[in-house]
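Reading through the structure tokens given below for one structure.
Computed over heavy atoms, backbone and side chain alike; hydrogens, waters and symmetry mates excluded. Chain A is the first sequence line, chain B the second, and so forth, proteins listed ahead of strands; every chain is numbered from 1.
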2 protein chains.
Amino acid sequence: MIHLPIERQRVCELVANHLIQQISDRRLKPGDPLATERELTQTYGVGRSSVREALRILESKGLIRSAGKGTFAVAEYANPLQHSVRLLLTLQEIALPELFEVRKILEVEAAGLAAARRTDDDLAEMARRIEEMVEGLSSQERYIAADLQFHLAIATATRNRIAVHVMQAIREALHRALASIFQIPGSPQQSLAQHKEILRAIAAGNQDEARQRMREHLLRVEGDIRDALDAGA
Amino acid sequence: MIHLPIERQRVCELVANHLIQQISDRRLKPGDPLATERELTQTYGVGRSSVREALRILESKGLIRSAGKGTFAVAEYANPLQHSVRLLLTLQEIALPELFEVRKILEVEAAGLAAARRTDDDLAEMARRIEEMVEGLSSQERYIAADLQFHLAIATATRNRIAVHVMQAIREALHRALASIFQIPGSPQQSLAQHKEILRAIAAGNQDEARQRMREHLLRVEGDIRDALDAGA
DNA sequence: GCCAATCTGAATGTCGGACAATAATACCGT
DNA sequence: ACGGTATTATTGTCCGACATTCAGATTGGC
């Protein structure tokens with residue numbers, strides 16, 4: 001009988017795990033205000049230090065958010081991957097070109113899957129996001145947001161939530177770089193046209209076409225960003 | 001002049017960020033023993049609570065690891081993504097089939113990229129891992145480990161570190177399911193043969209062939225696992 | 001002289017108290 | 001009823017205390 005190394009669980013970890021379980025069970029829903037430290041202290045019968053360390057753990061996992069007064073159970077789109085990708089970037093464990101490449105792999109394939117699985121609602125959502133991009137041509141912020149939403153709509157249409165999360169995390173990390181394309185003359189208009197082509201292919205259920213259109217789109221955007229950086233540097 | 005909401009930085013966050021910076025600068029290398037809480041307290045001139053909360057933050061990000069006596073700066077393969085994927089699983093925010101699908105997308109494309117970029121060292125590494133799988137045919141643990149290493153070697157050959165990290169995280173989450181194939185009669189031998197085909201295609205620099213072989217391999221493994229689960233259930 | 005048991009010290013894990021700063025609430029005077 | 005003030009609640013931070021556990025030194029036995 002081999003006893004694996006016994007990992008002593010700290011009290012703060014027990015509290016953290018219990019809270020995670022509650023969030024997982026939807027007993028704590030996104031946006032709900034969390035109990036105060038004092039209440040948690042009494043509920044679990046532990047010291048305040050342990051409660052606070054548990055909260056720090058949840059916070060660093062992106063599950064809760066300290067908003068001045070009171071800590072809230074966040075989630076909504078709780079995406080721990082975003083934190084992780086950010087961390088890997090600051091650790092210089094990964095670099096932007098690598099993120100672009102993985103993004104290309106995932107989004108191209110996602111377009112193909114979306115063409116096979118999309119519902120009418122998905123198509124409507126994508127069309128709506130394209131509308132928003134048209135309206136947002138005068139506002140960088142709105143344009144970029146709508147662009148992100150369009151690509152996320154495609155990811156959603158794959159019915160693969162991990163794909164959505166990974167894509168979201170990568171795009172968040174690339175946010176700055178992606179925002180810069182708005183400054184490139186003609187780029188937003190071209191993206192718009194390409195988005196429409198992608199949507200058409202997805203609506204037609206043509207997987208190969210959707211993949212190809214998405215690949216073209218991403219390659220062009222990448223080229224534009226490279227040009228902009230070269231010119232700026 | 002618009003002042004963005006001032007995010008009050010907690011002391012523990014300042015300490016955590018400073019330590020992250022030191023790890024990022026390689027001033028703290030993987031395996032190095034971290035300063036004691038008392039030392040950190042004196043170094044930064046803050047209270048022990050703050051130091052401890054900072055350590056909990058780093059720990060939950062997977063940057064350090066408490067090993068009974070003394071906390072160590074970990075990493076070497078510090079992979080925050082592993083924690084995140086695990087968390088998403090426990091939150092039931094994602095499910096295993098979705099992970100299998102993303103794995104397929106990434107690994108198939110990785111095989112293609114590896115065929116284009118692999119060095120002789122990469123090929124030698126892959127061959128070595130196949131050898132290990134042969135030797136490990138009698139030991140589930142060794143076989144599974146060698147299998148993982150073979151696939152990671154392919155990822156490494158892509159020269160895309162984020163791909164390596166994501167694949168590693170997904171495989172870690174799938175570890176149980178993947179380990180079960182060892183129990184299926186003939187499956188390890190088939191995998192072995194397919195691995196050799198994949199390696200041959202990568203060595204030949206044939207991207208399409210590599211992708212196709214990898215796709216076949218992953219589909220077969222997935223089928224085996226499904227069969228095993230159906231039979232077991 | 002060498003080995004083993006024990007003792008001591010250091011470090012972590014945990015609790016509780018104390019205090020400042022800040023935000024929400026209640027209260028009160030006009 | 002309204003505005004301003006007082007009170008309270010909560011977080012952020014520090015500090016002290018104690019149990020536990022582990023490493024290394026000390027010491028005792030053979």
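Atom CD in Glu37(A) sits about 15 Å away from atom C1' in dG17(C), given to the nearest Å. Distance, Arg10(A) CZ to dA11(C) P: 17 Å, rounded to whole Å. In this structure, Arg56(B) places its CZ atom 18 Å from C1' of dG12(D), rounding to the nearest Å. One interatomic measurement links the two molecules: CZ of Arg52(B) to P of dT13(D), which rounds to 16 Å at whole-angstrom precision. The distance from atom CG of Leu34(A) to atom P of dA9(D) is 19 Å, rounded to the nearest whole Å. In this structure, Gln9(B) atom CD and dA21(C) atom P are separated by 20 Å, rounded to whole Å. Between the CG atom of Leu55(B) and the P atom of dG13(C) there is a distance of 9 Å, given to the nearest Å. One can place CZ of Arg38(B) at 11 Å from P of dT12(C), the figure rounded to the nearest angstrom.
At least one side-chain nitrogen or oxygen of Ser50(A) sits closer than 4.0 Å to the OP1 or OP2 atom of dC15(C).
For Val11(A), counting side-chain heavy atoms from C-beta on, the closest listed nucleotide (dC14(D), dC15(C), dT12(C)) is dC15(C).
Classified by interplanar angle (parallel below 30°, tilted 30° to 60°, perpendicular above 60°), the ring pair His195(A)/Phe150(A) is parallel.
Residues Ile225(B) and Leu178(B) meet the side-chain proximity criterion, which asks for heavy atoms closer than 4.5 Å. At least one side-chain heavy atom of Arg103(B) sits under 4.5 Å from a side-chain heavy atom of Leu218(B).
Map Ala35(B) and Val51(A) each onto its nearest nucleotide of DNA chain C; the residue landing nearer the 5' end is Ala35(B).
With hydrogens and angles ignored, no donor-acceptor pair under 3.5 angstrom links the side chain of Arg48(B) to the base of dG16(D).
Between Arg171(B) and Glu107(B) there is a salt bridge, since at least one side-chain N of the basic residue sits less than 4.0 Å from a carboxylate O of the acidic one.
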